[in-house]
Amino acid sequence: MLQVSAIEDHFDEMILAFSKRGIKNIEEQLRSVLQLNNKRKSAQQELDALLQESNQLAKQIGQLYKEGKQDEANEAKEQTISLKEKSKELGEALNKLEEELTSALYNIPNVPHPSVPAGQTDEDNELIMTSTDQLPELGDDAKPHWDLIQDYDLIDFELGNKITGAGFPVYKNQGARLVRALINYFLDEATNAGFAEVRPPIVTNEASGRGTGQLPDKEGQMYHITDTDLYLIPTAEVPVTNLYRDTIQAEADLPIRNCAYTPCFRREAGSWGSHVRGLNRLHQFDKVEIVQVVKPENSYQVLDEMVAHVEKLVKSLELPYRILRLCGGDLGFTSALTYDFEVYSAAQKKWLEVSSVSNFEAYQANRLKLRYKNADGKKVLAHTLNGSALALPRIMAALVENNQIANGIKMPKVLKDYLGFEVISKKL
RNA sequence: AGAGGAGUGGCAGAGUGGUCGAAUGCACUGGUCUUGAAAACCAGCGUACCGCGAGGUACCGGGGGUUCGAAUCCCUCCUCCUCUGCCA
């Protein structure tokens, strides 16, 4: 969530920046935050004064009892009755104001970075670069990945349907091996680039969901285990970033750089349709995530470095790719700037999103109470960033489609040692 | 899962109804002494909110309650430890 002080200091710039997201009533919302905050302050002051009075009275009463002045003590007690009532009322009012303020702040998304293009849909995203002007053309007999994975017995959706339901594929044979190879390759690359590997829990509590911003806004996107009130993670961002919730980091410990492999679970309520076949959209998928906690002045340079890391990965897999800067309308709620990576899936003739790299600035840090002590000894909110490096299923889809040959599927060279084979072939 | 015990400042650890935001030790910061260092000594040393400031308020795992007054009593939740049970 945004800091009230930031809203106070940059009111007009914010309204201008928010226009890129195309949200209505933003000025109203910001004004009401400031109003609520002022009300909160004066209620606080009033309450503090009342409490001061009753604290003093209580001390006097104690003193009077000690001196054996029962009557005077009892007299003083009478006075506290009305004070108590008043402060109880005020306390409740203050709590309500604080709740309203927090919920108002929770409803306001992050402020888009100046470079974010205005726009409503993914059509308005800004193309930063494309790896090739010549998209691969396959012959007419080229098959989409959902056919290929059957031909080569790589993934069984029917089995997944049986044991769980739609969107939970069962990887088999060289398909399962490919998943494992990609996870190991991505983790190795991240580790080599200086990201310390962690293995977090893949179910988290509500506080963690709130910390990174999945809750309360996107409740419907996560699987909720109601009997223990826990959530299956939609991305490793949740547990990994929350590792640092409620902490004050030493300046010397920044940047914090982590990578993690986790399965990810998404309900994808309402986003299903005939256009999502095969691996294009799943309820459970595998992903390696990179996360950083940095000093504010470094966060955009770090964002570029993370983009470069992801680009290196995609390039090494020999897939055609492009990088987009998301427009205001497509930008995630908590993000200030996001770059998406898409790879070209040649049989579907479609670009598929395989990575999203974002700078959240202090938006998550404010919810997380994630701060560091700067050189002056002041506690400052850190900036958080994360990126997929990478999400597996669509990478697999593109690899399988783009590299199909007469009697097999060629695998990129970088995976050879991880796979133990160079070509996916039919079982004899 | 059942029974019992415990959660206090960076750490250790006092404190069981008022003078406790909290003893003491360690750590840390500044100073004195010293050629330098150590030791010793002196001083400082939690967080958040409000206030120009003086200062005020809140916080002893979280939430609620009793009381004029709660770290201290009660309820509830969470976490940890011990024993019993179960189980990769």
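In what follows, every heavy atom counts, from backbone to side chain, and hydrogens, waters and symmetry copies are set aside. Chain naming here is simple, since letters A, B, ... match the order of the sequence lines and numbering starts at 1 in each. Every value quoted in this text rests on a predicted model; they were computed, and no experiment measured them.
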When the distance from CD of A/Glu92 to P of B/G63 is rounded to whole Å, what number comes out?
16 Å
Under 3.5 Å for both donor-acceptor distances, Watson-Crick or wobble: does B/A39 have a partner, and if so which one?
none
Given side chains that start at C-beta, do those of A/Glu8 and A/Gln3 come closer than 4.5 Å, heavy atoms only?
no
Distance check, C1' atoms only: B/G13 and B/A22, in whole angstrom units.
13 Å
Is the cationic atom of A/Arg325 (NZ for Lys, CZ for Arg) positioned less than 6.0 Å from the six-membered ring centroid of A/Tyr339 and within 45 degrees of its normal?
no
Would you mind reporting whether A/Thr235 and A/Glu289 have side-chain heavy atoms less than 4.5 Å apart?
yes
Presence of salt bridge, A/Lys312 and A/Glu189, under 4.0 angstrom:
yes
A/Lys77 has an atom NZ; how far is it from atom P of B/G18, in whole Å?
15 Å
Considering only atom P, compute the distance from B/G62 to B/A71 and round it to an integer number of Å.
12 Å
Separation of the C1' atoms in B/G7 and B/A14, to the nearest angstrom
15 Å
Between A/Lys84 and B/G69, is there a contact of a side-chain N or O with OP1 or OP2 at under 4.0 Å?
yes
Quantified in whole Å, what is the C1' atom distance between nucleotide B/A27 and nucleotide B/C81?
26 Å
Under 6.0 Å from the ring centre and within 45 degrees of the ring axis: does the NZ or CZ of A/Arg277 meet both conditions for the six-membered ring of A/Phe157?
no
With rounding to whole Å, what would you report as the distance between B/A39 and B/G61 at their P atoms?
34 Å
In B/S/- notation, 5' to 3', how is nucleotides 46-59 of chain B contacted by protein heavy atoms closer than 4.0 Å?
-SSSSS----BSS-
So what's B/A88 paired with, Watson-Crick or G-U wobble, going by both distances under 3.5 Å?
none
Are A/Glu197 and A/Leu187 packed together at the side-chain level, in the sense that at least one heavy-atom pair is separated by less than 4.5 angstrom?
yes
Which nucleotide, if any, forms a Watson-Crick or G-U wobble pair with B/C80, using both distances under 3.5 Å?
B/G5
A/Glu206 and A/Arg210 ion-paired at < 4.0 Å
yes
Would you say A/Ser208 and A/Asn205 are linked by a side-chain donor-acceptor pair, where the criterion is simply a distance under 3.5 Å?
yes
Can you tell me, in whole Å, how much space there is between the C1' of B/C42 and that of B/C75?
49 Å
For B/A70, the Watson-Crick or wobble partner whose two distances fall under 3.5 Å
none
Over how many whole Å does the gap from A/Glu99 atom CD to B/G63 atom P extend?
13 Å
Paired with B/A58 by Watson-Crick or G-U wobble geometry, both distances under 3.5 Å: which nucleotide is it?
B/U47
Checking base pairs now: Watson-Crick or wobble, both atom distances under 3.5 Å. What partners B/A12?
B/U24
Nearest-Å distance once atom C1' is located in both B/U8 and B/U47
15 Å
On RNA chain B, check which nucleotide each of A/Ile61 and A/Lys88 is closest to and give me the residue with the more 5' one.
A/Lys88
For the P atoms, the ones on B/C73 and on B/U79, what distance do you get once it is rounded to whole angstrom?
23 Å
